[in-house]
Protein chains: 2
Amino acid sequence: MGDDSEHIDGRKARGNRRRAEIIDATLAVVTRDGAAGVTHRTVAKQAGITTSLSTYYFATLDDLLVAALSSVADTYTTRIRQIIDGSEDKLRGLAELIVQSAGPGRDHALAERELSSLAARRPALAPVARRWRENVGELAATLTDDPEAVAALVAASDGLCTAILIDNAPADPDYVHRILARAIHTQPAGAVQ
Amino acid sequence: MGDDSEHIDGRKARGNRRRAEIIDATLAVVTRDGAAGVTHRTVAKQAGITTSLSTYYFATLDDLLVAALSSVADTYTTRIRQIIDGSEDKLRGLAELIVQSAGPGRDHALAERELSSLAARRPALAPVARRWRENVGELAATLTDDPEAVAALVAASDGLCTAILIDNAPADPDYVHRILARAIHTQPAGAVQ
DNA sequence: GTACTAGTTGTACTATCGTTCAAGTTATCT
DNA sequence: AGATAACTTGAACGATAGTACAACTAGTAC
C-alpha cells in the first residue's frame, strides 16, 4: 500500500467510475425517453460502452433502475439537508427547491418522479422512493410540533411539484411559499417584514 | 330504422362493446403488470381476443393508452361531479374519495396514476391527465373564492393520494378531512356544528 | 515473471414486440 | 338475394429485447 494519490487509475477506482457513468447514462435515457426507454442497450449506447458491460455492472435491469433512483434521491436528500442545516428561512428554501422543478431542474425532477412511480410495483424501490417525503417531513418538523401540520406540508410540497411538472403551474417562489405556509398554518404574510 | 330495441346486436353496438372490453382489459393489465406491461398481445389475451383485433380497434399502442386513461379519468370526473352536485359536505366527500385509494379502489387509483405519468412525455395525454386536478379545483371553487386556497386544496389532495398510494399513509377519512380543511383554511373543528 | 482477477468485448440465442395483410365471417342496406 | 362494409382471424415480417458466454485486455499480488 502507500500508493501515491496520483495513482487514481486502480481497478477499483475505474470500476466505481464506470458504475457512476452508467447510472448517469441511465438518468439521461430516462430524461430523454422515459423509464420505459431504459434498456441495457440504450443505456450502453448512451454511455458509449458495450451492452455486455452494462450487464456486467448491473446484472438485471431492475438493479440498474434501483441504482438510478437511489442516485437522484441522494441528490435531493443532500439539497434538503442543506436547507435544514443552513437556511435561515427553511420554508423559503423548500419553496425555491420546488420551483426548480420548472427550470433547468425539470428533467431531473421528472426522472425522479418517473422512477418513483415504479416503486408501487417493485418493493426494492419503495424505501428509496419514500426518501423525498421523509426529508420534507424532517424539514417540516423543525418548523412545527403538530404532526398534522407536517403531513399537510409534505402533501402540499408533493402536490405543488406535480402541479408544476404535469400541469405547468406557475413556478413563482412567492406563490409556492404562500401555499406552503398555509399548509403548516403559519399565517403567510401577516407578520412578514 | 325503426328497429325494436331488442335488437341490441347491431354492428355498431357490438363494436362499441368490444371497444369497451378492450379498454377494460387494458386497465386490468395495467393493474396487474403496470403500464409497461401493456402490449397488444397481453391486452388481447386478457380480453380473450386475437392480437390483430386489438390493433383493429386501436391502431397504435398510444391510442390504446390514451383511451384507457380517458376511461379512468371519466370515472373520477363522474364521482367528483356527484360530490359537487349532491353532497352536503363536499370537503368530506372529497376526503372519502381520497381515502378510497387505500382500499378496493387502490388498483384503480394506481392505474390512473401510472397512466398519468405517461402524460409528461405524450402531449396527447396531457389534457386528460389534467382532468383530476381540474375537477378538484372546481370542487374547491365552490368552497372559497380565494384562488390560492383552491390551489392549496388541489395540491393537498394530490399529495395525500400519493401518501396513501406510495407511502401507505393512514387512510382515515377524518384525518384526511382535517388536512384538506387546513389547506382551504377553513378552521377544521372550530365552528363546526 | 507467473498466476489471478476485474474489466471489457463481440456474438449469438431465444423471446417478444408493433404492425401488416390477405382471407374469412357476419350484420346491414337496397 | 346480392352488394357492402364492419368485424374477426391466423400467420408473418422485421426490429429489438434480456441475457449468456467464451475470449481478450490490463491492473494486482506473489
Euclidean distance, atom [atom1] of residue [X] to atom [atom2] of [N] [Å, nearest integer]:
| X | N | atom1 | atom2 | value |
| --- | --- | --- | --- | --- |
| B:L53 | D:dG10 | CG | P | 11 Å |
| A:N16 | C:dG7 | CG | C1' | 13 Å |
| A:K45 | D:dA17 | NZ | P | 9 Å |
| B:R14 | C:dT25 | CZ | P | 15 Å |
| A:E21 | C:dT8 | CD | C1' | 13 Å |

Requested in this report: Could you label the plane-to-plane angle of the A:W132 and A:Y76 rings as parallel, tilted or perpendicular, counting under 30° as parallel and over 60° as perpendicular?
Outcome: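 Perpendicular.
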Query - Protein proximity profile, nucleotides 14-20 of chain C - base contact B, sugar-phosphate-only contact S, no contact -, cut-off 4.0 Å on heavy atoms - result: ---BBBB
Query raised in the report: Between the side chain of A:D158 and the main-chain N/O of A:V154, is any donor-acceptor distance below 3.5 Å?
Result: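 Side chain of A:D158 to backbone of A:V154, a donor-acceptor pair under 3.5 Å: no, none is there.
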Query raised in the report: Quick one: is C:dG7 close enough that its OP1 or OP2 comes under 4.0 Å of any side-chain N or O from A:Y56?
Result: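 Yes.
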Query raised in the report: Using a cut-off of less than 4.0 Å, is there contact between a side-chain N or O of A:R18 and OP1 or OP2 of C:dA6?
Result: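 Negative; the distance criterion is not met.
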Query raised in the report: Salt bridge between B:D85 and B:K90, side-chain N to carboxylate O under 4.0 Å?
Result: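 No, no charged N to carboxylate O under 4.0 Å.
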Report task. May I ask you to check whether A:R130 and A:S116 show a side-chain donor-acceptor distance below 3.5 Å? Result ->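 There is no such pair between these side chains.
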Requested in this report: Answer yes if the side chains of B:R79 and B:Q100 hold a donor-acceptor pair under 3.5 Å, and no otherwise.
Outcome: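 Note: B:R79 and B:Q100 side chains meet the donor-acceptor criterion.
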Report task. Identify, with sequence neighbours excluded, every residue that meets side-chain contact (heavy atoms from CB on, under 4.5 Å) alongside B:T78. Result ->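 If we apply the side-chain contact (heavy atoms from CB on, under 4.5 Å) test to B:T78, skipping adjacent residues, the hits are B:Q82.
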